[in-house]
Amino acid sequence: MAGSDTAASPAASAAAPDTVKILIAGGFGVGKTTMVGAVSEITPLRTEEPLTAAGLDVDDLKGIEEKRSTTVALDFGRISIGDDLVLYLFGTPGQQRFWFMWNDLAIGALGAVVLIDVRRPESSFAAVDFFERRKIPFVVAVNGFHGLHPYPTEEIRESLALPENVPVLLCDARERESCRDVLIALIDRLIDDFTLRSTPPD
């Protein structure tokens with residue numbers, strides 16, 4: 001019968017890429033929206049609103065006085081790693097009053113990037129604790145604003161009391177390649193963790 005050829009085309013028969021949900025987390029103003037925007041291959045979804053005078057007593061702008069807007073729900077972007085892996089990136093809101101959303105955003109996430117502001121590292125302590133408590137693998141990316149990295153990674157690891165299996169990387173959230181390297185390091189950690197869990201004990 002004409003038109004009944006069921007042979008699949010190469011495009012139709014190709015296996016769909018694996019997809020992985022990744023969170024980009026950290027304190028207020030550490031560069032989460034910037035990172036998602038820099039690395040995403042699609043126009044990112046953003047839920048930014050202007051900072052107002054009403055939030056002056058709530059939002060700590062020490063060290064980030066130039067900040068004019070903030071994420072109130074999430075950022076969303078996507079990046080392909082090779083031909084067979086697609087990462088869906090969800091940036092979390094940074095202010096403490098929006099942290100209740102982190103539990104919902106974490107559902108289904110296989111890993112996370114914790115961004116550290118080199119000027120205010122203490123702002124991301126809660127993010128490290130969040131993923132440690134939920135046993136979600138993560139890497140720490142130290143965002144050097146204006147390209148500055150005054151502290152070596154081992155000093156940052158010590159200040160955050162991180163175990164050796166948590167990678168600590170220096171990055172620039174404005175640069176696509178830098179952000180991509182962070183995400184690849186996270187994927188490597190996820191693979192290592194999966195391999196370790198799958199290896200039977202001697």
Side-chain angles (χ1 to χ4, degrees), residues 20-40 44 46-48 51 55 58-64 67 69-77 87-145 149 151 153-174 178-179 181-190 193:
V20 176
K21 179 180 181 182
I22 300 296
L23 295 189
I24 310 296
F28 180 43
V30 298
K32 300 180 295 295
T33 298
T34 300
M35 182 176 190
V36 173
V39 78
S40 178
R46 292 173 174 166
T47 58
E48 285 200 303
L51 292 171
V58 180
D59 299 324
D60 181 10
L61 295 176
K62 183 179 180 181
I64 51 172
K67 189 170 178 61
S69 62
T70 186
T71 299
V72 297
L74 58 88
D75 300 307
F76 174 77
L87 307 185
Y88 291 120
L89 310 175
F90 291 79
T92 64
Q95 299 106 306
Q96 188 171 356
R97 64 181 182 276
F98 295 129
W99 284 357
F100 68 92
M101 299 182 61
W102 287 31
N103 286 319
D104 289 337
L105 290 173
I107 295 173
L110 293 188
V113 174
V114 175
L115 268 182
I116 301 290
D117 182 344
V118 71
R119 304 165 300 179
R120 304 157 62 241
E122 70 284 351
S123 67
S124 293
F125 287 174
V128 171
D129 184 63
F130 179 88
F131 295 114
E132 286 182 337
R133 288 177 178 271
R134 287 158 183 78
K135 301 187 185 306
I136 297 176
F138 65 95
V139 300
V140 168
V142 185
N143 184 20
F145 283 81
H149 286 288
Y151 307 109
T153 56
E154 285 309 309
E155 187 172 333
I156 293 166
R157 178 187 302 281
E158 183 177 349
S159 68
L160 295 174
L162 295 171
E164 287 297 325
N165 67 324
V166 176
V168 178
L169 305 103
L170 303 180
C171 79
D172 186 332
R174 303 167 300 175
S178 181
C179 297
D181 289 346
V182 170
L183 294 171
I184 290 174
L186 175 60
I187 295 303
D188 287 342
R189 182 182 177 189
L190 295 178
D193 285 1

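The residues of the chain are indexed from 1 along the displayed sequence. Atoms considered below: every heavy atom in the structure, side chains included; atoms not considered: hydrogens, waters and symmetry mates.
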Minimum side-chain heavy-atom gap [X]-[Y] below 4.5 Å:
| X | Y | result |
| --- | --- | --- |
| Ile156 | Pro121 | no |
| Val128 | Leu162 | yes |
| Val139 | Leu169 | yes |
| Cys179 | Val182 | no |

Is the backbone of Asp172 close enough, under 3.5 Å, to the side chain of Ser178 for a donor and an acceptor to pair up by distance?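 Side chain of Ser178 to backbone of Asp172: a pair is present.
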Could you work out, with ring-ring contact (aromatic ring centres under 6.0 Å, His included) as the rule, every residue matching Phe131, not counting sequence neighbours?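 Partners of Phe131 under the ring-ring contact (aromatic ring centres under 6.0 Å, His included) test: none.
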Applying salt bridge (charged side-chain N to carboxylate O under 4.0 Å, His left out), name anything that partners Asp188, two or more places apart in sequence or on another chain.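 Salt bridge (charged side-chain N to carboxylate O under 4.0 Å, His left out) list for Asp188, sorted by chain: empty.
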In Å and rounded to the nearest 0.5 Å, what is the [atom1] to [atom2] distance from [X] to [Y]?
| X | Y | atom1 | atom2 | value |
| --- | --- | --- | --- | --- |
| Phe90 | Leu74 | CZ | CG | 7.0 Å |
| Leu87 | Ile184 | CG | CD1 | 9.0 Å |
| Phe138 | Leu23 | CZ | CG | 12.5 Å |
| Thr92 | Ile24 | OG1 | CD1 | 8.5 Å |
| Leu89 | Leu183 | CG | CG | 6.0 Å |
| Asp117 | Phe28 | CG | CZ | 11.5 Å |

Test of understanding: with side chain to side chain contact (heavy atoms under 4.5 Å, CB included), list the residues that count as partners of [X], not counting sequence neighbours.
| X | result |
| --- | --- |
| Ser40 | Ile42 |
| Asp193 | Pro137, Arg189, Arg197 |
| Phe125 | Glu122, Leu160 |

Indicate the atoms forming the closest heavy-atom contact of [X] with [Y], along with that distance.
| X | Y | result |
| --- | --- | --- |
| Asn143 | Gly31 | ND2-CA, 4.0 Å |
| His149 | Gly144 | CE1-N, 3.2 Å |
| Gly27 | Ser124 | N-OG, 3.1 Å |
| Pro93 | Met101 | CG-SD, 4.3 Å |

Ser123 and Val30: CA distance, side-chain angles, deciding distance, side-chain contact (heavy atoms from CB on, under 4.5 Å) verdict: CA-CA 8 Å; Ser123 67; Val30 298; 3.6 Å; yes
Could you give all pairs that pass the salt bridge (charged side-chain N to carboxylate O under 4.0 Å, His left out) test and reach residues 153-164, with sequence neighbours left out?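 Sorted result for residues 153-164: Glu154-Arg157.
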Side chains of Thr33 and Asp75: donor-acceptor distance under 3.5 Å anywhere?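 Short answer, yes.
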Give every donor-acceptor pair under 3.5 Å between a side-chain atom in residues 104-116 and any protein atom, sequence neighbours left out.
none

